[in-house]
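Read the structure below first, then the notes.
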Amino acid sequence: MEQPARKFTVNDKMTLEPNVICVPLVATINRCNYSTENTDLKAVVAAKIPVMQERVKSFRKKHGETKVGEITVDMMYGGMRGMKGLVTETSVLDPEEGIRFRGYSIPECQKVLPKAPGGEEPLPEGLYWLLLTGDIPTQAQVAAVSKELANRADLPPHVVNMLNNFPSHLHPMAQFSAAITALNSESNFAKAYSEGVKKTTYWEYCFEDSLNLIAKLPTVAATIYRNLYRDGTSIGAIDSEKDWSANFTAMLGYDDPQFTELMRLYLTIHSYKIEVLMWLTKLRKEVGDDISEENLKEFIWKTLKSGQVVPGYGHAVLRKTDPRYTCQREFALKHLPDDKLFKLVAKIYNIVPPILTELGKVKNPWPNVDAHSGVLLQYYGMTEMSYYTVLFGVSRALGCLASLIWDRALGLPIERPKSMSTEGLEGMVGSAKAA
Ligand SMILES: CC(C)(COP(=O)(O)OP(=O)(O)OC[C@H]1O[C@@H](n2cnc3c(N)ncnc32)[C@H](O)[C@@H]1OP(=O)(O)O)[C@@H](O)C(=O)NCCC(=O)NCCS
């Protein structure tokens, strides 16, 4: 007889066998890898690497010559969209469901990743654990990562001095990038590489550098914020009892616990752009907040007829509402349902998709992550739009760095897709050059 599926409730105190395959009560999730009890992230990753290396080796031996797709001329002119050309272990973009982190969609991650005590949003540290290991971490494992990050968060004096000496007209993102480059002084990998360590150990240095960088990015970002928008006031001290996002919001100078929750959600899922907010600001200026549907439609058609796009709508790959839009909308419905800007964004959600569909050429008329961008931050008082891209940088670091560690672990080479000139391509497909 078939064994009944094991069931459990998703809570913080579960103790499960290592890597047990199970069926949680959360209906949408049919697969759950839970980590071992080991709270040492590096050791957990180290144990997985030889297994994965072996898997890739034997897969390539068997299927190295297997074809996985065809490339058309349009794909080459279209930014390589739809071309299967890279291996990434940590996340995959699904056209219907949006991004999946190690197979888990955003709503699934929100359900199963550990939360801060009393909180409702996932801790980004847990996402990082998931990205690196493929396992949903326990509360204790996430707490261990939070502690490790807090302990590594200090900046070397030369970076602090550099940030404090930048002129205030230097864009926050330029400051952010410059600080990351200057943190090279702390790189374990750079040092080990120059000493000629074995290739098979590269990932270990990469792991340390990644964790150090993730730990230091909020400190860098908060220093920039204070210097530019808070008269250079001090970011204060790092609290090793606080999680990564809580330390970040405290350093930024925000003490609303709901803003910290927002930051946890944002750092887990997010990216920002400011075009949408600028467009909304223009809209509010022209027609006010209590805009009728008719006027709103008119404004949208005006945007389109002037040859502009409706910002925050459409996607190159995704074909549904971006789940990152949806979870921000849910956050807003929960915490700021009466906010004017949110209400406007919600109204636009009902009006834009039919208009874009009517245009006939837009492949995805649904909102992307940017359509909600900034609304929540503005509500909590973070109104400095040119800073949002720095938050994006802090958030994206989790994904990039987790992927980089696995690149090193699997010894993947530099990507070198073959590019061709139009002439070469015409020759290849036997097309005569246009006169
Ligand atoms: C995201 C985006 C760049 C994807 O582009 P894409 O892959 O070329 O999208 P499509 O294949 O659906 O585009 C087909 C046509 O519809 C148009 N279109 C797509 N989204 C549109 C929008 N939101 N408003 C108006 N027109 C749009 C494209 O400009 C293109 O027109 P063209 O053939 O005259 O050049 C595009 O949807 C866009 O510009 N959106 C608004 C800006 C935005 O939100 N960017 C952030 C993305 S995360």
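Read the numbers this way: they start at 1 and go in the same order the structure lists the ligands and their atoms. Note that the numbering runs from 1 along the sequence shown for the chain.
One N or O on the side chain of W406 and one on the backbone of L132 form a donor-acceptor pair closer than 3.5 Å.
A centroid separation of 6.0 Å or more is found between the aromatic rings of F189 and W203. Aromatic ring centres of Y387 and Y225 lie closer together than 6.0 Å.
Heavy atoms from both the backbone and the side chain of V362 come within less than 4.0 Å of ligand 1.
The heavy atom nearest to atom 22 (C) of ligand 1, out of those in V310, I355, V276, is found in V310. Counting heavy atoms only, N368 comes closest to atom 45 (N) of ligand 1 of the residues N368, V369, V317. Evaluated by nearest non-hydrogen atom to atom 15 (C) of ligand 1, the leading choice among K361, K363, Q308 is K361.
Using a 30° and 60° split on the angle between ring planes, H335 and F331 fall in the tilted class, from 30° to 60°.
Counting only residues at least two apart or in different chains, side-chain hydrogen bond (donor to acceptor under 3.5 Å, both in side chains) contacts with residues 349-358 comprise T321-Y349.
The atoms of ligand 1 that sit less than 4.0 Å from any heavy atom of G312 are 43 (C), 44 (O). Within ligand 1, counting atoms from 1 as listed, the ones closer than 4.0 Å to a heavy atom of R81 are 6 (P), 7 (O), 8 (O). Proximity to L304 (heavy-atom distance under 4.0 Å) selects the following atoms of ligand 1: 24 (N), 25 (C). Below 4.0 Å from some heavy atom of A316 lie the following atoms of ligand 1, by number and element: 4 (C), 7 (O).
D135 has a carboxylate O that lies under 4.0 Å from a charged side-chain N of K48, or vice versa, which qualifies the two as a salt bridge.
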